[in-house]
Amino acid sequence: MTKESVTDPGARREALYALMLGAQREDALAMLLEHAGAHGFQSAVSDLLEPVLERAGDEWHRENLSLAQGYVAGKIAEDLLVAAVEAGGDLLLDVKGPVVIGNVEDDYHSLGRKMVVVFLRAAGWKVIDLGNDVSAKDFVDEAVKHGARVIGASAMMLTTAENVRALRTEIDARGLRGRVRLAVGGAVFKLRPELMDEVGGDGTASSAIQAPELFDRLWAASLAAEDL
Amino acid sequence: MTGMERVLAALRGEPADRRAFTLALSLYGSRLSKCPTKEYFSDPRRYLEGQREVARLVDPDVLFSPFALPFEALAYGGEGVWLERFPPNIRKPPFREREEIEPLGDAMFLDRGVSYLVESTRLVAEEFGPAKPVCAVVTAPVDLPAMLLGIETWLEILLFDQDRARRLLDIAVDHFLRLSGAYFAAGAAFVAIPVMFANLRIVTQALLEKTILPELTRAFAQAKGPLVYHHGGNRIVDHLGLCSDLPNVAGFLLDPRDNLSEARDILGPGRLMLGNVSGPGLARMLPDKAYASVSALLADRASDRNFVLASAHADIPCDTNPDTLLAVRRALEDAGAVA
């Protein structure tokens with residue numbers, strides 16, 4: 001049975017998940033494009049990709065998925081987004097947000113951030129990606145400029161995670177605590193969960209795939225704080 | 001017994017007057033000797049002074065050469081970063097995505113950072129070697145490309161460009177053999193290798209079996225002395241069986257989350273096992289809690305002669321309370337002899 005012949009949605013998701021686990025990026029994209037051709041890009045994302053990413057996120061959280069597999073999942077999502085934009089299809093992009101993302105000052109480990117950006121965009125978020133080595137001032141300036149309610153700060157190591165404190169201070173000093181929520185992430189936060197509170201983060205996710213859920217939560221918390 | 005005798009007893013599965021132990025106190029020596037970190041990680045004599053203080057205060061059975069792996073990558077270029085109370089790190093990797101990397105050969109020893117690493121090992125081994133084995137630390141050949149190119153680029157190459165991966169691994173294996181050889185020549189009793197990219201948290205099982213393990217086998221088989229396989233920051237028990245026959249590996253250092261009984265079942269009796277106190281975790285631990293935690297661990301391993309108590313993960317942070325370190329030592333002494 002070829003993957004094209006699989007018509008049952010559950011079986012298609014299962015097949016896509018298996019391709020992702022096996023790092024078969026091109027075959028996975030082909031399957032998604034075939035589905036998009038028949039049902040539209042929005043369906044390819046909502047009915048195939050998102051459920052598979054959700055499952056992958058759960059498995060990653062339980063440490064049953066490797067970074068390589070998460071990376072491939074990100075690449076597959078990115079490939080589909082590029083194809084959707086090029087095709088000018090029905091995919092709903094930039095319907096949430098905007099949010100601001102970057103690696104904190106002195107941090108150049110971009111992998112996690114790039115994966116978060118891809119998964120957020122696939123989930124409909126408009127993302128302002130500031131890149132590596134972003135100062136606290138630049139994070140907040142950009143958040144204010146774009147009206148972002150969430151800043152995502154990535155740091156891989158303890159040395160650079162300490163620089164999140166400056167971002168917390170900057171947000172608070174400008175009277176934005178509550179309105180602008182601070183999401184933190186990176187390998188060190190997984191290794192030392194208590195670090196999130198220590199450096200002043202408002203939330204974290206255990207994998208890039210779970211970032212959209214975190215941003216949904218923080219965005220809602222920001223809105224709720226304003227209603228009070 | 002001396003530290004060397006205790007470690008050898010653990011290696012051979014013989015009784016000892018107490019459990020052999022070591023803590024990764026490379027960085028901590030800078031605190032004890034009140035030496036600024038940059039000076040400590042630049043001048044081998046200052047490093048030796050720091051390790052003298054480590055030996056005086058904690059008296060571990062094994063001492064470490066500088067735990068400063070970024071120097072290996074910085075020998076190829078790139079930009080380092082110095083932060084007080086931390087070892088040097090890489091701010092920008094030496095290479096960008098598409099550049100081909102040339103092997104350094106023995107020219108690596110002309111690099112200031114690498115020569116510091118080797119000379120520090122020589123000084124510590126010269127002073128302590130007969131009584132306390134000195135453990136040098138080398139980047140795993142499967143990890144060096146990540147330090148040279150960044151994790152993302154290395155992952156991309158490993159997954160999607162096997163030819164380039166092979167060329168990079170040739171360079172990395174050559175690098176590993178030259179540097180580990182230099183450490184052994186300088187007096188290191190063994191070399192520890194933190195291995196990140198041989199872990200199912202990082203790579204797929206197919207990559208592990210088809211690419212990573214064959215390269216580790218090739219590299220380790222040519223090593224000039226005994227190696228210790230370090231968990232590299234992730235738990236390893238679920239794939240330990242795949243790594244257990246790697247050549248020249250005298251022992252395995254387990255992650256704090258790894259179950260030691262499970263690891264023993266996989267390795268079988270007679271293999272040296274080290275672990276698995278969280279080194280960075282000691283910074284947040286009160287002395288009483290450290291004593292209780294280490295005592296429980298030692299009680300669990302009481303009948304295991306081939307076990308060495310060791311800290312896992314990275315170097316023990318500078319802000320760790322010295323009393324916590326002494327509590328670890330006291331727990332060890334109170335646990336008594338290895339029968």
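In the text below, chain A, chain B and the rest are named by the order of the sequence lines, each starting its count at 1. This structure is a prediction, so every number in the text was calculated from the model and none was measured.
- There is no side-chain donor-acceptor pair under 3.5 Å between B/E215 and B/T211.
- Remark: B/E79 CD is packed, more than 12 non-hydrogen atoms of other residues, nucleotides or ligands lying under 6.0 Å away.
- With respect to A/R25 and B/E156, a salt bridge is recorded, a charged nitrogen being found less than 4.0 Å from a carboxylate O.
- By a heavy-atom distance cut of under 4.5 Å, B/L200, B/R201, B/I202, B/V203, B/T204 are the residues of residues 194-206 of chain B near chain A, going up by number.
- Legend: residues meeting side-chain hydrogen bond (donor to acceptor under 3.5 Å, both in side chains) with B/T139, ordered by chain and number and at least two apart, are B/E72.
- If you tally non-hydrogen atom pairs under 4.5 Å between each of B/N89, B/I90, B/L207 and chain A, the highest count goes to B/N89.
- Under the 30°/60° scheme for interplanar angles, the aromatic rings of B/F41 and B/Y116 are found to stand perpendicular.
- For chain B, the option among A/Q69, A/E63, A/R192, A/M115 with the highest count of heavy-atom pairs below 4.5 Å is A/E63.
- Side-chain contact check for B/S33 and B/Y47: no donor-acceptor pair (N or O, by modelled atom type) lies under 3.5 Å.
- Judged by the 6.0 Å distance and 45° axis criteria, B/R91 is not positioned over the aromatic ring of A/Y108.
- Neither the backbone nor the side chain of B/R85 comes within less than 4.5 Å of any heavy atom of chain A.
- Between the side chains of B/E39 and B/S42, no donor-acceptor pair of N or O atoms lies under 3.5 Å.
- Judged by distance alone, the side chains of B/S278 and B/H313 never bring a donor and an acceptor atom under 3.5 Å apart.
- Look at B/D161 and B/R167 and you find no salt bridge, because none of the NZ, NE, NH1 or NH2 atoms lies under 4.0 Å from a carboxylate O.
- Between A/E213 and A/R217, none of the side-chain N atoms (NZ, or NE/NH1/NH2) sits under 4.0 Å from a carboxylate O, so this pair counts as no salt bridge.
- Put simply, the side chain of A/Y17 reaches to within 4.5 Å of the side chain of A/R55, judged on heavy atoms.
- Against chain B, the residues from residues 194-205 of chain A that qualify, each with a non-hydrogen atom under 4.5 angstrom away, are A/E194, A/E198 in number order.
- Counted by atom type alone, A/N132 and A/R113 present one or more donor-acceptor pairs between their side chains at under 3.5 Å.
- A salt bridge links A/D172 with A/R168; the closest basic N to acidic carboxylate O contact falls under 4.0 Å.
- Using non-hydrogen atoms only and a strict 4.5 Å limit, the part of residues 150-157 of chain A facing chain B consists of A/M156, A/M157.
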